[in-house]
Each structure stands twice: as structure tokens, then as C-alpha cells.
There are 2 protein chains.
Amino acid sequence: MSTVGKAISLLELFNVDEPELGLSDLARRSGFDKATTRRLLIALAGRGFVEQDAGTRHYRLGAGLSRLARIREARFPFLQTAVPLVRELAASTVETVHLSEFGVDRLVTVHVEHPAWANRVNVDIGQLLPLHSTASGIAYLAFARDETVKACLAGSLDAFTAHTLIEPVAISRSMGEARARGYSICDQGYEEGVISVAAAIRAADGFALGTIAVAAPKARTTAAAIAERGLAVMEAAREISIRLNGETLQTLRRQA
Amino acid sequence: MSTVGKAISLLELFNVDEPELGLSDLARRSGFDKATTRRLLIALAGRGFVEQDAGTRHYRLGAGLSRLARIREARFPFLQTAVPLVRELAASTVETVHLSEFGVDRLVTVHVEHPAWANRVNVDIGQLLPLHSTASGIAYLAFARDETVKACLAGSLDAFTAHTLIEPVAISRSMGEARARGYSICDQGYEEGVISVAAAIRAADGFALGTIAVAAPKARTTAAAIAERGLAVMEAAREISIRLNGETLQTLRRQA
DNA sequence: AAATAACGGTTCAAATAATGAACCAGCCAA
DNA sequence: TTGGCTGGTTCATTATTTGAACCGTTATTT
């Protein structure tokens, strides 16, 4: 692994539940030597990618990341554009709505709206979603580049529940249905008792760049609710796509 | 320079005006060999810190940065907390209001609200502000740790205009006034014709973690307006500090 | 249309930076 | 005191990074 990759994998040890970690902890979890870990942290701290708490001496993600993320957002105003529509959808469905963006080989959760229910589906910001076993993933694959689809189906596909589809053929069929229907449905493919619908948000070239999804406990979800939500999520994704790409709707007509 | 530092300095070549750069361009600007530049980019792309445009083959900042930045925000809800107050202040002053966070040895602009005026002070998101020659910087130093102040005054201090204070003694005096007054004033210290006021946003330990500032063309700014804005910016900073730290106001009473 | 220049990308011996076992010193609980 | 934990440091060994020269393509320029 490259040194840069090691440094980044240190950053990836932080998450919303454990936003601050000590040196020994980081070394243990990363598998790197303590000296190595520390030198990497110093390099990262020198550029503001991590900060060290003056009191506890623990490390946390730094302001330099926010800076770069905001520069990216200025070019790709994905969040800014999508969040209002995520809110709307959350208000009308009264279920968890989450927004994700593609990164490397997964979807990254970039925004979530939770309903007031005690029994709800919980998704964290920053959470990574696999492509083959979530509604978002299938919706993404339905409009992804061929090479992305191939890379996904070529890898080993984890079965998260008894319902997870892991045969490439079955997943391809699911993608095809999602493409035809305009939205994907995932019935307990990632977690038992959770049913989700999702639609792809598409760039100007017609390929997916992210997704919007509604996730709910299966116990209180009827088939009619799924169909209704599917249309709503599709409409939201379409609206976000249009706002992102100006009015160049015709380029969105591309079929993979 | 460490390999990690090199990789990060590649990321830092991107800004809001040039959010996409080609390989040769990146190599030229960074001073690294083209092969080195490319290997670093591949390592960064592998973790989603940069993305390559499929068409132009140019690189841009990636979604992985947004992911980590959002994890940080979940712990340190600085933006979320401060932006509404920045908007309020922008509405009432009808001048440029910018919010910054400390990083390494500078202030990082994380949010800006511009007024509708054609003649206004323009600040970009991601822009870096020096500590000694801006209202934000002085406000920050006034409530910074001693070692930060020392490190700042020890370095070589650029004179950006004829008005820039570059003697440590003069800067210290300016800091003292800001501390006593509750806000700093910077009269054309960074750019000719621009006058700013700023106040420090403080963490639970009483030390500054960022600033909020109002910047305006000097031509239309009266002394009375400065005094009024100073009080407003101070009040906004105080409100943000309180919201960030719960109601632990007493800890904010610390005097450096 | 030919020539040129600039582009992104690749190779491999040589140079340089990363590595980690062993080492502090400080803190806390038994 | 002991023992075990913490964050942090050192330096000979080792493995990674480096860059001149290379390729094939894609605009420009003549």
C-alpha cells in the first residue's frame, strides 16, 4: 500500500460514533506501527487534515478537509441542490430519506433526514453502502458505466441477510427492472426488516452520480406505499438531476 | 517533504476558480515530476480524494473529502451552527460577511455571504487568510493560545499594503485593543480600500477556534458604521460560541 | 497534409524516504 | 512499588518513491 493510502486509511478510521481517537488506538486499528502512525498523523496535522486535542492528546479530523470539501461543493453543488428535495420527500413520506454520492466502489451517505418515529431506519452520515445489496446501489448500477457494473459484479458479493441477491444474473435482472420502472426496490437485502426504494441522480452525460432513497421498517409498509414512494423518489431524483444540469433534459434520456 | 505532504499539496492546488486540473498542469504547479504526480493522484483517486473526469481526463477533488468533512461536522457542527447567524449579519449590515476556522497557521474561509452591491468585497470559500494582517486574524490572535501567537509573530510577516502592521509590537497592541473592545478592526491591512471588523468564536476552553467578520469598501464606510458593525459582529460571535458550547458561558469569560 | 508540440500515461535503475523494535517519560490503578 | 497503559522518540535496516526517457494520442501550427 502506498504511503498516501496508509495516511488516508488512518483518516477513514474516524466515524460519527468515534470522532476522536488516540495514537495507540489508531495504530492498533490500522495495523501500522505506532511510530509510523504517528509520523503519518504529523504529516496530516501539518496540512490540517487532522487536529490534536490539546487536553486529551487525541486526534480528530481537521478543518483542512472541510476546506477542500467546500471547494468541491462549489463546483459540484450536489448537497446544496439536493438537500431541500430530500427534506420535502422526508416530510411527505414520514420515513428515513438518505442521499448518497458515488465514491470509488461504494455509495457514500452525504445527507439523511430521519422521521420522528421511534421505530425508524437509522442511517449515519458518512456511512458506506454496497452497490449490490441496497436500493440505492441497484438504482446507481442501473445507470452506471458498464465498467463500474462489471467491476461490481466481478468482486465477491457479501450476503448481508438471507434475502440478499448475490448472483450476478439476479442482480442484473434487478437493475433492469429498476431501469424500466424508474426506481429500485430492495426488500431486506441489506438488513432484515428494512425495505427501501431509490432512484438515481444523473449527471449531464446521463450516468448516475448518486442516489436518493427512502428506507422504512417493512412491518408498517404496504405494497401500495412502496409504489407511491417509488414514484416520489423518482420524481425527486429527476428534479435534482435537472437542477444540477440546467435544463439539458434531453441528455438525461440516455438509456444504458 | 513527506509523501503524504506532497499528496496533500496536490489537493491544495485546486480552488474555486480552478476546480479541475490536468496532469501536466498539476505536475508543473506542484513542482513534482509528472510520474510522481500521477502516482500520487492514483493513490488519492483510489480513496476518493480526487476523481478523474471521464471525458477530459482532468482531475478534481473527490467525494471522499466530503465524506470525511461531514464526519468532522457531525462532531464540530461549526458551519451548521454559524451559518444562520452569518446570514442574519449579512442581511443587517448589507456587506460581505465571512466565517473562518483556524487551520495549521492561517484562517480558512468556510462560508461567505455577499451583498447585492456591485462594489463589494469579494471573498471565496476556501480562501486562506493570514493572521497578522486581517481583522479576522487579529480577532483570532486576541484569544489564541500563547504558542500560536508566538509562532505567528516569530515568522516573517508580509506587508500586503502600505497599511499592513508588520512589527510584532504593533500587532500585539492591535490584539490587546481587540481583546478589550471585543472585536478587531483592520483598516486596509490586507487589501487597499477594504475595511473590516471581526470577532473571535471561542471553544469551551475559552480559546478561539474561528472568527466572523464583516468586510466593506472603505469609501462607503463611516466610523459610526464601524462601531455599529463591531458590536453586531461581536454579538454574533458570542451567540455562535454559546450555541457551540451549550450554556457553559462562564468558561468563555477566560481572558488570555 | 505534414510537422510540431503538448497531452496523459509508463518504465526501471538509482536515490530517498518509510519503517519498527526498542527505547523514554508520564499517568493511573492495584 | 509494581505493572500496564498512554503519547512520543530514535536510528540502522528496508522498501518505497523518484525521474529521465520513453510511448501513443490529440490538438495546434506551419
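Lettering follows sequence order; numbering is per chain, from 1. Just so you know, these numbers come straight off a predicted model, no measurement behind them.
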A:Thr109 and A:Ser100 side chains, donor-acceptor separation under 3.5 Å: no
Could you tell me the separation between the [atom1] atom of [X] and the [atom2] atom of [N], rounded to a whole number of Å?
{"X": "A:Leu10", "N": "C:dA18", "atom1": "CG", "atom2": "P", "answer": "14 Å"}
{"X": "A:Glu20", "N": "D:dG7", "atom1": "CD", "atom2": "C1'", "answer": "16 Å"}
{"X": "B:Tyr59", "N": "C:dG8", "atom1": "OH", "atom2": "P", "answer": "8 Å"}
{"X": "B:Leu41", "N": "D:dT18", "atom1": "CG", "atom2": "P", "answer": "12 Å"}
{"X": "B:Asp53", "N": "C:dG8", "atom1": "CG", "atom2": "P", "answer": "12 Å"}
{"X": "B:Leu23", "N": "C:dT10", "atom1": "CG", "atom2": "C1'", "answer": "11 Å"}
{"X": "A:Ile42", "N": "C:dA18", "atom1": "CD1", "atom2": "P", "answer": "12 Å"}

Ring-ring centroid check B:Tyr140 B:Phe102, cutoff 6.0 Å: yes
Chi angles and distances behind the salt bridge (Lys or Arg N to Asp or Glu O under 4.0 Å) call for A:Glu12, A:Arg29: CA-CA 11 Å; A:Glu12 290 176 340; A:Arg29 295 181 194 213; over 6 Å; no
Summary of protein contacts for nucleotides 19-27 of chain D, nucleotide by nucleotide, where a base hit scores B, a sugar-phosphate-only hit scores S (4.0 Å, heavy atoms): BB-------
Stems where DNA chain D pairs, listed by first number, each of three or more Watson-Crick or G-U pairs under 3.5 Å: C:1-8 with D:23-30, C:10-22 with D:9-21, C:24-30 with D:1-7
Determine: side-chain N/O of [X] to OP1/OP2 of [N], distance under 4.0 Å, yes or no.
{"X": "B:Ser24", "N": "C:dG8", "value": "yes"}
{"X": "A:Lys6", "N": "D:dT16", "value": "no"}
{"X": "A:Ser2", "N": "D:dT16", "value": "no"}

B:Glu73 (side chain) donor-acceptor with B:Leu79 (main chain) under 3.5 angstrom: yes
Side chain to side chain contact (heavy atoms under 4.5 Å, CB included) evaluation trace for B:His132 with B:Leu165: CA-CA 7 Å; B:His132 73 284; B:Leu165 299 180; over 6 Å; no
Residue that, paired with A:Leu65, satisfies side-chain contact (heavy atoms from CB on, under 4.5 Å) out of B:Leu68, B:Ile71, B:Leu11: B:Leu68
Same-atom distance (C1') from D:dT18 to D:dC22, integer angstrom: 16 Å
Worked check of side-chain hydrogen bond (donor to acceptor under 3.5 Å, both in side chains) between B:Thr164 and B:Ser133: CA-CA 6 Å; B:Thr164 308; B:Ser133 57; 5.7 Å; no
Whichever of B:Gln52 and A:Leu40 has its nearest DNA chain C nucleotide further upstream toward 5': B:Gln52
Parallel, tilted or perpendicular: ring planes of A:Tyr190 versus A:Phe160, cut at 30 and 60 degrees: perpendicular
Closest-nucleotide 5' rank along DNA chain D - winner of A:Val4 and A:Arg38: A:Arg38
Verdict with reasoning, B:His98 to B:Val86, per side chain to side chain contact (heavy atoms under 4.5 Å, CB included): CA-CA 7 Å; B:His98 54 109; B:Val86 172; over 6 Å; no
